[in-house]
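In what follows, every heavy atom counts, from backbone to side chain, and hydrogens, waters and symmetry copies are set aside. For the single chain, residues carry numbers from 1 onward in sequence order. These numbers were taken from a predicted model, which means no experiment stands behind them.
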Amino acid sequence: MLPKNFADIFCFNAGNAYGRTDEANNSECSIHFLANLKDFDYAIVFSQGLNSNEVRDKIYERCEEAGITTICIGDEHKGFYSLVVDNEVGMRDLCEHLYEEHKVRRFHFIAGARENDDSNTRLRVLSEFMQKKGLNLRDEDIFYSEWETNATIVHTEEMYKLKSDLPDAFVVANDFLAVATCVGLERNGFKVPGDVLVTGYDYSREGIHYYPSIATVNQHFDYLGEKAVDIILKLEKGENPELKQTIQSEFIPGESCGCPNARNEDRIRKDFCHH
């Protein structure tokens with residue numbers, strides 16, 4: 001039995017974004033490279049949360065040079081333990097729900113960055129689903145936001161001024177962009193879900209408390225964190241955990257896709273405001 005509080009935990013976060021200058025992002029990301037990794041026994045790298053593949057690769061390189069056991073959440077790297085999410089399952093369920101339950105036929109996809117694997121997977125699943133149903137996702141039906149909420153608001157404000165312009169649903173690469181989509185639509189007088197449906201991704205706290213609550217896909221980040229710690233505990237006990245583990249994503253309906261109070265949102269928001 002391991003003793004309680006047997007570990008010191010250090011967390012390094014950066015707020016880099018695609019829309020910022022290289023200088024600003026380099027300054028933000030410098031925190032990842034300040035620590036001497038040889039002083040650590042383990043590293044957990046939340047790869048999905050890094051807005052730069054270059055930064056991710058540098059972190060991996062430093063972990064290898066330090067010779068420490070590394071667990072990466074979100075992708076795979078040779079010699080590291082990996083925890084990955086099967087995003088295709090939840091995304092297909094989202095598409096099927098919109099198509100079958102809400103009769104959506106015209107989709108508009110608001111993507112993240114062009115080089116982002118997660119965003120591209122979501123786009124690919126939507127495109128394949130539409131092809132299977134005999135529908136077509138045109139180039140003009142895709143907007144690359146670079147994960148910028150302001151760009152998303154401007155896009156929806158400028159592109160959708162008449163109700164006849166609207167698709168049946170905006171499928172959006174994450175919940176923050178989905179909220180921004182709602183804001184842009186509402187500024188032009190449209191109601192979500194009355195005039196158009198919106199879905200997001202990640203099951204974020206902001207999307208849960210927003211009105212309307214954002215229909216989304218849960219990647220179970222809390223469970224991924226538990227699994228990462230579980231790997232470390234097994235190693236400390238001399239056990240051999242699996243090198244790769246896959247977690248299933250899960251579609252969560254919400255008010256923004258036309259499912260009223262699907263998650264008992266009224267109570268959740270009351271509790272949120274109370275606290």
Subject >> Exam field: side chain Ser119 to backbone Asn116, donor-acceptor pair closer than 3.5 Å >> reply: no
Original post:
Mind checking whether Val154 and Phe176 sit in one hydrophobic cluster, side chains of I, L, V, M, F, W, Y counted as touching below 4.5 Å?
Top reply: no
**OP:** Working to the nearest 0.5 Å, report the span between CD of Glu226 and NE2 of His220.
**Re:** 11.5 Å
Original post:
After noting the C-alpha distance and the side-chain angles of Glu239 and Lys237, does the key distance pass the salt bridge (Lys or Arg N to Asp or Glu O under 4.0 Å) rule?
Top reply: CA-CA 6 Å; Glu239 300 176 13; Lys237 294 176 182 178; 5.1 Å; no
**OP:** Please round to the nearest 0.5 Å and tell me the distance separating atom CD1 of Ile252 and atom CG of Asn218.
**Re:** 5.5 Å
Original post:
Do the side chains of Lys58 and Glu54 get nearer than 4.5 Å, heavy atoms only?
Top reply: yes
Subject >> Whether Phe80 and Tyr60 hold their rings parallel, tilted or perpendicular, with breakpoints at 30° and 60° >> reply: perpendicular
Original post:
Is there a side-chain contact (heavy atoms from CB on, under 4.5 Å) between His102 and Cys257 once you walk through the steps?
Top reply: CA-CA 8 Å; His102 302 293; Cys257 76; 3.9 Å; yes
Subject >> Interatomic spacing from CE in Met130 to NZ in Lys132 - rounded to 0.5 Å >> reply: 14.5 Å
Original post:
Distance-only, no hydrogens or angles: does the Glu265 side chain make a donor-acceptor pair with backbone N or O of Arg263 under 3.5 Å?
Top reply: yes
Subject >> Side chain proximity check, Asn26 to Ser30, heavy atoms < 4.5 angstrom >> reply: no
Original post:
Quick check: does any side chain N or O of Thr216 sit under 3.5 Å from a backbone N or O of Tyr203, one acting as donor and the other as acceptor?
Top reply: yes
Subject >> Whether Asn120 side chain and Arg114 backbone form a donor-acceptor pair below 3.5 Å >> reply: yes
Subject >> Heavy-atom closest contact (Cys182 atom, Ile214 atom, distance) >> reply: SG-CD1, 4.1 Å
Original post:
Between the side chain of Thr121 and the main-chain N/O of Asp117, is any donor-acceptor distance below 3.5 Å?
Top reply: yes
**OP:** State, yes or no, whether a side-chain contact exists between Val171 and Leu98 at a heavy-atom distance under 4.5 Å.
**Re:** yes
Subject >> Under 3.5 Å donor-acceptor, Ser127 side chain and Leu123 backbone >> reply: no
Subject >> Leu34 atom CG, neighbour heavy-atom count above 12 within 6.0 Å >> reply: yes
Original post:
Within 45° of the ring axis of Tyr99 and under 6.0 Å from its six-membered ring centre, is that where the NZ or CZ of Arg105 lies?
Top reply: yes
**OP:** Using atom types as modelled and distance alone, determine if a side-chain donor or acceptor of Asp168 lies under 3.5 Å from a backbone N or O of Val196.
**Re:** no
Subject >> Expected output: side-chain Thr69 to main-chain Tyr42 donor-acceptor under 3.5 Å >> reply: no
**OP:** Look at Arg267 together with Asp271 and state whether they make a salt bridge at an N to O cut-off of under 4.0 Å.
**Re:** yes
Subject >> Ring center gap for His108 and Phe143 short of 6.0 angstrom >> reply: no
Subject >> From CG (Asp93) to CD (Gln248), nearest 0.5 Å >> reply: 10.0 Å
Original post:
Is any NZ, NE, NH1 or NH2 atom of the basic residue among Lys191 and Glu186 found under 4.0 Å from an Asp or Glu carboxylate oxygen of the other?
Top reply: no
**OP:** Take Thr246 and Val85, measure what side-chain contact (heavy atoms from CB on, under 4.5 Å) needs, and give me the verdict at the end.
**Re:** CA-CA 6 Å; Thr246 302; Val85 179; over 6 Å; no
Original post:
Leu37 and Ala66: which non-hydrogen atoms are nearest, and at how many Å?
Top reply: CB-CB, 3.6 Å
Original post:
Is Ile153 reachable from Leu177 through a run of I, L, V, M, F, W or Y residues, each pair having side-chain heavy atoms under 4.5 Å apart?
Top reply: no
Original post:
Does any N or O in the side chain of Ser145 come within less than 3.5 Å of the main-chain N or O of Ala111, such that one atom is a donor and the other an acceptor?
Top reply: yes
Original post:
Between Arg106 and Asp165, what is the shortest heavy-atom contact and its length?
Top reply: NH2-O, 3.7 Å
Subject >> Contact summary for Val217 and Gly90, nearest pair of heavy atoms >> reply: CG2-O, 3.7 Å
Original post:
Is it true that Tyr210 and Ile268 fall in one hydrophobic cluster, defined by side-chain heavy atoms closer than 4.5 Å?
Top reply: no
Original post:
Does one hydrophobic cluster hold both Tyr223 and Phe221, with members joined at side-chain heavy-atom distances below 4.5 Å?
Top reply: yes
Subject >> Lys/Arg N to Asp/Glu carboxylate O, Arg92 vs Glu88, below 4.0 Å >> reply: yes
Subject >> Charged N-O contact under 4.0 Å between Glu255 and Arg269 >> reply: yes
Original post:
So, Arg56 and Asp75, do they make that salt bridge, N to O below 4.0 Å?
Top reply: yes
**OP:** Answer yes or no: is there a side-chain heavy-atom contact under 4.5 Å between His97 and Cys259?
**Re:** yes
**OP:** Report the residues that fulfil side-chain contact (heavy atoms from CB on, under 4.5 Å) with Glu100, sequence neighbours left out, ordered by chain and then residue number.
**Re:** Glu96, Lys133
Subject >> Note, Leu126 side chain near Met91 side chain (heavy atom, < 4.5 Å) >> reply: yes
Subject >> Tyr144/Ile142 under side-chain contact (heavy atoms from CB on, under 4.5 Å): CA gap, chis, key distance, verdict >> reply: CA-CA 7 Å; Tyr144 289 93; Ile142 304 168; 3.8 Å; yes
Subject >> Derivation and outcome, side-chain contact (heavy atoms from CB on, under 4.5 Å), residues Val172 and Thr199 >> reply: CA-CA 6 Å; Val172 188; Thr199 65; 5.7 Å; no
Original post:
Got a second to check how far Phe40's CZ is from Ile9's CD1, nearest 0.5 Å?
Top reply: 11.5 Å
Subject >> Side-chain donor/acceptor of Ser256 to backbone N/O of Ala215, under 3.5 Å >> reply: yes
**OP:** Validate the cation-pi geometry between Arg122 and Tyr201: distance from NZ or CZ to the six-membered ring centre under 6.0 Å, angle to the ring axis within 45°.
**Re:** yes
Original post:
Given side chains that start at C-beta, do those of Leu197 and Phe170 come closer than 4.5 Å, heavy atoms only?
Top reply: no
Original post:
Thr156 and Leu185: which non-hydrogen atoms are nearest, and at how many Å?
Top reply: OG1-N, 3.9 Å
Subject >> Any side-chain heavy-atom pair of Asn174 and Asp118 under 4.5 Å >> reply: no
Original post:
Same cluster or not: are Phe109 and Val104 linked, directly or through other Ile, Leu, Val, Met, Phe, Trp or Tyr residues, by side-chain heavy atoms under 4.5 angstrom apart?
Top reply: yes
Subject >> Residue pair Leu83 / Ile71, side-chain heavy-atom distance below 4.5 Å >> reply: yes
**OP:** Tell me whether the centres of the aromatic rings in Phe12 and His32 are closer together than 6.0 Å.
**Re:** no
Original post:
Between the side chains of Asp202 and Gln219, does any donor sit under 3.5 Å from an acceptor?
Top reply: yes
Original post:
Which heavy atom of Asp141 sits nearest a heavy atom of Asn136, and at what distance?
Top reply: OD2-O, 4.0 Å
